[in-house]
Amino acid sequence: MSRKTAAFALITLTMLVGIAACLSPRMPQPLSYHDFADHRGWLGIPNFGDVASNVAFAIFGVWGLWFLLRLTPQGVVTRFTDPRERWFYIAVFFGMLLTAAGSSYYHLAPDNDRLVWDRLPMTVVFMSLVAAMIAERISVRAALWLWPILLSIGILSVFEWSWSEHVHHGDLRFYAAVQVYAVLVLLLVLFLPTHYSHGSYLGIVVGFYVLAKLLETFDRQVFAIGHIVSGHTLKHIVAGFAGYWILMMLEKRRVSGFRSQEIQ
């Protein structure tokens, strides 16, 4: 797939997801969402498993920031054709660190008000990663222009959902659309050429995200197997390891000889 074709596909995908969100029926956040399988506390911490498992986000968030911020000029040149691309990933790992804090806060006493602080940093991660992929496989210039727009849309989708719940007309459509859009974009860019080695690691990242969503969906079924650990607890760990594979991709990759022209 050429970059111009990819740009057209991206625009088409954006329009289709937006139209689908507008035409879909309103979806309130079910209050049962906050009733997770594992309520056990430990060391005075309620819902210990779901709270403590957020350490995975913190570990890989700090590790990623430490790696990127300590890169020498030569290290930047060997991993990024444009040094500005590094900032997308700095935002990704900073978002993971914020997710660790926000998700821990939410799981101490799950409700809609606290869920806002769980979802906000996750949109920073998703939208910054989307911008990074656009920069690498379509156009750096386009990614830099789109990044603040993507972040704004993601953040506004969370606040729109929260506001709708407060006025008793809960509407999860646009937040859900943002999540679906991010995954579809990441799947799309897997079919695009890249001028970096280890680009296939993105497929592993997507795979870990899909696994995390499955564990979240089957929270109770997983916990029913021996009542050792819940699906939601494992979801946090698996999603954290998605960050690990992003980090491995950045650590190992080098700029290859291939360099396509960016869309003008």
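Residue numbers run from 1 in the order of the sequence given.
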Practice task
Indicate the ring-plane relationship of Trp42 and Phe48, choosing parallel, tilted or perpendicular according to the 30° and 60° boundaries.
Solution key: perpendicular
Handout entry: Aromatic ring pairing Phe80/Tyr196, orientation class (parallel under 30°, perpendicular over 60°, tilted between)
Key = perpendicular
Handout entry: Minimal non-hydrogen separation, Ala91 against Val124, with atom names
Key = O-CG1, 3.9 Å
Practice task
Return the minimal non-hydrogen interatomic distance between Thr99 and Met122, and the atom names on each side.
Solution key: OG1-N, 3.7 Å
Exercise for the section: Tell me, yes or no, whether the heavy-atom count around Phe218 atom CZ, taken from other residues, nucleotides or ligands under 6.0 Å, exceeds 12. Expected result: no
Exercise for the section: Answer yes or no: are there more than 12 heavy-atom neighbours, outside Phe241 itself, under 6.0 Å from its atom CZ? Expected result: no
Practice task
Check step by step if side chain to side chain contact (heavy atoms under 4.5 Å, CB included) holds for Asp219 and Phe36.
Solution key: CA-CA 7 Å; Asp219 180 31; Phe36 298 100; 3.8 Å; yes
Practice task
Applying side-chain contact (heavy atoms from CB on, under 4.5 Å), name anything that partners Ala21, two or more places apart in sequence or on another chain.
Solution key: Phe174, Ala177
Handout entry: Side-chain heavy atoms of Phe126 within contact of Leu186, under 4.5 Å
Key = no
Completion exercise
The complete set of salt bridge (charged side-chain N to carboxylate O under 4.0 Å, His left out) pairs with one or both residues in residues 56-80, sequence neighbours excluded, reads none
Problem - Main-chain N/O of Ser24 paired to Arg173 side chain as donor or acceptor, under 3.5 Å - result: yes
Handout entry: Nonpolar side-chain network containing Ile11, other nodes, edges under 4.5 Å
Key = Met15
Practice task
Examine the side chains of His166 and Asn112 and answer whether a donor and an acceptor come within less than 3.5 Å of each other.
Solution key: no
